[in-house]
Amino acid sequence: MYDLSAIRKDFPLLEDFIYLDNAATTQTPLPAVKAMEEYLYKYAANYGRGAHRLARMTTDRYENTRETVASFLNSDVTGTIFTRNATESINMVAYGLQWHHGDHMIVPIVEHHSNLLPWLRLRDQGVEVTVVQVDEEGVVDPEHIELSITDRTRLVAVNHVTNVFGSIQDIRKMVQIAHENGCQVLIDASQSAGHMPLDMNKIGADFLVAPGHKGLLGPQGTGILCLRDPDSISPMYLGGGMVSSVSIGSYQIEASPARFEAGTPNIPGVIGLGRAVEYVRDIGVGNIEKHEATLAKKAASLLAEIPGVQVYGPKDRAGVVSFNVHGMNPHDVAIILDQTRKICVRSGYHCAMPAIKGVGLKGTVRASFALYNTIEEVEILAETVANIAELVDR
Ligand SMILES: Cc1ncc(COP(=O)(O)O)c(C=O)c1O
């Protein structure tokens with residue numbers, strides 16, 4: 001049974017706020033906060049660098065998290081890397097692939113800037129970047145990917161779920177098309193990891209990136225990069241913890257995952273992430289998916305009924321609902337929602353300017369849901385938006 005009131009007890013902030021900005025970052029459950037507190041109070045030491053018992057305990061807990069995350073995403077433990085956020089994970093792939101002048105890659109327009117700018121910058125190295133258009137609901141047509149592939153295409157980088165419209169992409173089809181044409185695929189699972197079942201092996205992705213701080217409920221400053229073949233990219237950072245021998249003339253880099261984790265990592269964050277992923281796993285990601293889809297569907301239909309409100313995106317969406325109140329700036333709507341009912345939503349371009357401008361908008365209000373939101377919260381949102389819409393002089 002999906003015990004929503006028990007879940008909500010693990011997120012005390014929800015007693016005071018209607019938190020609907022989960023696509024930006026989620027709240028972290030108490031068991032994960034306690035795991036971080038335990039590390040900081042009881043055994044804090046550096047990771048992978050000491051023989052003493054605290055260092056060994058820290059290293060064990062950190063590696064336990066790697067196993068937990070790898071098993072949750074069905075990726076190889078050695079190809080599961082901890083990063084600071086999804087942005088860093090994507091940059092590590094963009095940097096780490098050996099690009100040659102004239103190489104080609106494909107990315108849809110409906111991407112967060114994090115899955116766009118690292119690719120556009122490759123143009124400076126002579127890489128051709130094709131930005132594929134999407135339909136008005138933010139859905140990528142796999143055929144458009146296929147039509148854009150050339151004999152120099154090396155990579156397709158695509159989101160699983162858009163942070164703008166909640167559209168779910170047919171990533172299995174896109175991976176199939178890309179692989180048939182000898183291209184690698186990066187899946188940006190920022191809005192799907194922890195929100196719906198995700199299986200790196202089944203999807204067949206070469207690279208899968210996710211933040212730790214969204215659907216996986218970990219703390220900010222955590223991210224994940226899953227690599228099918230850890231030798232397919234070179235490390236972006238060099239330094240301590242990732243080399244087996246160093247002399248002034250040469251150095252020997254460790255195997256993955258150490259190879260990609262130079263420097264002291266976010267140890268408390270990773271340990272908290274591990275406990276958070278266990279929390280999501282125990283509730284069941286399929287149950288979470290169903291719950292969030294119900295909330296999003298209800299929100300979209302209630303909002304669409306309000307005169308002067310337009311809802312964007314497809315009917316079958318993940319837990320993201322973008323809308324506008326005609327005649328009002330999205331930021332003003334967000335401020336009134338906060339000031340009147342402590343409803344926290346995102347407004348503006350959602351770090352996806354080309355996607356939003358591409359459908360002729362100057363921004364939207366975005367309500368995004370997590371496992372702990374309720375139908376009552378959705379109803380309060382709709383009721384408050386209806387009150388706001390009535391303020392507009394039409
Ligand atoms: C689809 C998508 N990709 C990438 C990111 C960037 O994530 P992070 O802030 O963890 O780097 C986000 C964040 O909102 C996102 O929604």
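Ligands are counted one by one from 1 in listed order, and the atoms in each one are counted from 1 as well. Quick note: numbers below take in every heavy atom, side chains included, and nothing from hydrogens, waters or symmetry partners.
- H112 CD2, 3.2 Å is the protein heavy atom nearest to atom 12 (C) of ligand 1.
- In this structure, R61 forms a cation-pi arrangement with Y43, its terminal cationic atom sitting closer than 6.0 Å to the ring centre and no more than 45° off the ring axis.
- Of the polar atoms of S190, at least one N or O is found under 3.5 Å from an N or O of ligand 1, judged by distance alone.
- Near A23, with a cut-off below 4.0 Å to any heavy atom, the atoms of ligand 1 are 14 (O).
- Side chain of T26 to main chain of K214: a donor-acceptor pair is present (N/O by atom type, distance under 3.5 Å, no hydrogens or angles).
- Among protein heavy atoms, atom 7 (O) of ligand 1 sits closest to A86 CB, 3.5 Å.
- Atom numbering of ligand 1 starts at 1 in the shown order; those under 4.0 Å from a heavy atom of Q191 are 14 (O), 15 (C), 16 (O).
- When hydrogens are left out, the protein atom nearest atom 11 (O) of ligand 1 is T87 OG1, 2.4 Å; that is the closest non-hydrogen contact.
- Nearest to atom 13 (C) of ligand 1 by heavy-atom distance, out of E88, K214, R346, H113, is K214.
- With values rounded to the nearest 0.5 angstrom, D103 atom CG is found 10.0 Å from E128 atom CD.
- Close N/O approach between V161 and ligand 1 is not found [any backbone or side-chain N/O within under 3.5 Å].
- At least one donor-acceptor pair under 3.5 Å links the side chain of D229 to the backbone N or O of D231.
- Between the side chains of D199 and N74, at least one donor-acceptor pair of N or O atoms lies under 3.5 Å.
- Interface of N163 with ligand 1, defined as ligand atoms under 4.0 Å from a residue heavy atom, comprises 16 (O).
- Close approach of ligand 1 to D188 (heavy-atom distance below 4.0 Å) involves ligand atoms 1 (C), 2 (C), 3 (N), 4 (C).
- Without hydrogens or angle criteria, E111 side chain to N159 main chain gives a donor-acceptor distance under 3.5 Å.
- Shown in contact with H213 at under 4.0 Å from a heavy atom are these atoms of ligand 1, numbered in order with element: 8 (P), 9 (O), 10 (O).
- Geometrically, K357 engages Y349 in a cation-pi contact, judged by NZ or CZ lying under 6.0 Å from the ring centre and within 45° of the ring axis.
- Remark: of the listed residues K298, R341, R8, R8 is the sole one forming a salt bridge (charged side-chain N to carboxylate O under 4.0 Å, His left out) with E377.
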